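Contents: one structure, followed by commentary.
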Amino acid sequence: MCAFIFSIFFTIISGCSEYWARAEVIDTRKFRHAGAVHSGIFAGNREIDFGQGAVNTRFTVFNELQDGTSFFSRTVWIFFLFFESMSLIWSMIGVVTCVFSMTSLALDISVAGPNGIYLWSLLSSVSHGGALALFYSQFQSSFKTTMLLEEQHDIGFTTFNQASLSYAFYMSLCALFALYIPPLTLVVFTEKLTIHSRSKTPTNFDPTLMLY
């Protein structure tokens, strides 16, 4: 249950963060560092020095998608949100399942009991892993090319090959690894209980041996 809660917490925190990816801005006219860009799933910030000090410009991914200026693909962004939402739903069901499995309210063979933990952790990890794979593919194909607007490129600024994954992505990756803990824990403890029960099974005693 703690692993499911940990995964939910880290998924929500990382989703609200604006630091999934960041990039250094280079002024190609003077070949110098001219600022930085960082972006999350929903919003980000561009800090660019146009020659009279750095100017911070906040942006939202949704608005730039509507304007057609975003470095996100609309399809990838929508499917990312879908898979992350499904992962959260499966994890929440997993928490409820853990509560049921600690009581007598669910049978061992039902999806609301211990066996259900395997199912919900699998569904959640597949959904979460799919979302991260979509983001990483977008990062490699788009973020590394540019995280700036076209007019900023025209002036002479670039972020080409300057992008890197930031801490929110790795937090979300930790949330994915946490989802493998519930089934692994069940496997380990089930094996230990099986071995322990076998060691305590009494051997058959033949009373006729006493005749000898």
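Being a predicted model, the structure only gives us computed values, none of them experimental. Below, all heavy atoms of this structure are taken into account, side chains as well, without hydrogens, waters or symmetry copies.
Taken together through direct or relayed side-chain contacts under 4.5 Å among Ile, Leu, Val, Met, Phe, Trp and Tyr, Y167 and I12 form parts of separate hydrophobic clusters. Residues F59 and Y19 fall into different hydrophobic clusters, defined by Ile, Leu, Val, Met, Phe, Trp and Tyr side chains chained together at heavy-atom separations under 4.5 Å. M171 and F6 end up in the same hydrophobic cluster when Ile, Leu, Val, Met, Phe, Trp and Tyr side chains are linked at under 4.5 Å. Y136 is connected to F177 through a chain of hydrophobic side-chain contacts under 4.5 Å among Ile, Leu, Val, Met, Phe, Trp and Tyr, so both are in one cluster. In the hydrophobic cluster analysis, where Ile, Leu, Val, Met, Phe, Trp and Tyr join through side-chain heavy atoms closer than 4.5 angstrom, I78 is grouped together with F135.
In this structure, the side chains of Y118 and L122 stay at 4.5 Å or more apart for every pair of heavy atoms. In this structure, I48 and T57 have side chains that are not in contact, with every pair of non-hydrogen atoms separated by 4.5 Å or more. Put simply, the side chain of L132 reaches to within 4.5 Å of the side chain of F169, judged on heavy atoms. Looking only at side-chain heavy atoms (C-beta outward), D49 and V55 stay at 4.5 Å or farther from each other. The shortest distance between side-chain heavy atoms of I41 and E84 does not fall below 4.5 Å. Proximity of L165 to W20: side-chain heavy atoms (C-beta onward) are nowhere separated by under 4.5 Å. Within the 4.5 Å cutoff, side-chain heavy atoms of Q66 are placed close to those of R74.
Side-chain contact check for H38 and S166: no donor-acceptor pair (N or O, by modelled atom type) lies under 3.5 Å. A donor atom on one side chain and an acceptor atom on the other are not found under 3.5 Å apart for T158 and T28. Side-chain atoms of S172 and H128 include a donor-acceptor pair closer than 3.5 Å.
Atom CD of E18 sits about 10.0 Å away from atom OG1 of T60, to the nearest 0.5 Å. Annotation: the span from I155 atom CD1 to L148 atom CG amounts to 10.0 Å, rounded to 0.5 Å. Residue I181 holds its CD1 atom at 12.0 Å from CG of L186, rounded to the nearest 0.5 Å. Here the straight-line distance linking atom CE of M92 with atom CH2 of W120 works out to 14.5 Å at 0.5 Å rounding. With rounding to the nearest 0.5 Å, the separation of CG in L119 from CG in L123 is 4.5 Å. The CG atom of L149 sits 9.5 Å away from atom CG of D67, with the distance rounded to the nearest 0.5 Å.
In the displayed structure, M86 atom CE is contacted under 6.0 Å by more than 12 heavy atoms of other residues, nucleotides or ligands. The 12-atom threshold is exceeded at CZ of F50, counting heavy atoms of other residues, nucleotides or ligands nearer than 6.0 Å. Open room surrounds CD on E150; 12 or fewer heavy atoms of other groups in view lie less than 6.0 Å from it.
Between R46 and E24 there is no salt bridge, since none of the side-chain N atoms of the basic residue sits less than 4.0 Å from a carboxylate O of the acidic one.
The minimum heavy-atom distance between G129 and L176, with the atom names listed, is N-CD1, 3.9 Å. Scanning both residues, L81 and F42, for their nearest heavy atoms gives CD2-CZ, 3.7 Å. Nearest heavy atom pair, residue L65 against residue F72, reads CD2-O, 3.4 Å. Nearest approach of I117 to C98, heavy atoms of both residues: CD1-SG, 3.9 Å. Considering all non-hydrogen atoms of both residues, V95 and F4 come closest at CG2-CB, 3.5 Å. Between R29 and F157, the shortest heavy-atom contact is NH2-CZ, 3.5 Å.
A donor-acceptor contact shorter than 3.5 Å links the side chain of H33 to the backbone of G35. Of the possible donor and acceptor atoms, none in the side chain of D27 sits under 3.5 Å from a partner among the backbone N and O of F31. Judged purely by atom type and a 3.5 angstrom limit, S14 uses its side chain to pair as donor or acceptor with the backbone of F10. A donor-acceptor pair is defined here as one N or O able to donate and one able to accept, closer than 3.5 Å; no such pair exists between the side chain of E47 and the backbone of V37.
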field: Intermediate values then yes/no, side-chain contact (heavy atoms from CB on, under 4.5 Å), I26 and R32
entry: CA-CA 6 Å; I26 304 299; R32 66 179 180 87; over 6 Å; no
The test is side-chain contact (heavy atoms from CB on, under 4.5 Å); show your working for Q162 and V25 and say whether it passes.
CA-CA 8 Å; Q162 300 296 315; V25 179; over 6 Å; no
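For F71 and W77, the gap between ring centers reaches or exceeds 6.0 Å.
Below 30°, between 30° and 60°, or above 60°: for F79 and F83 the angle between ring planes is between 30° and 60°, a tilted geometry.
Tested against S87, the residues S124, S7, S127 include a single side-chain hydrogen bond (donor to acceptor under 3.5 Å, both in side chains) partner, S124.
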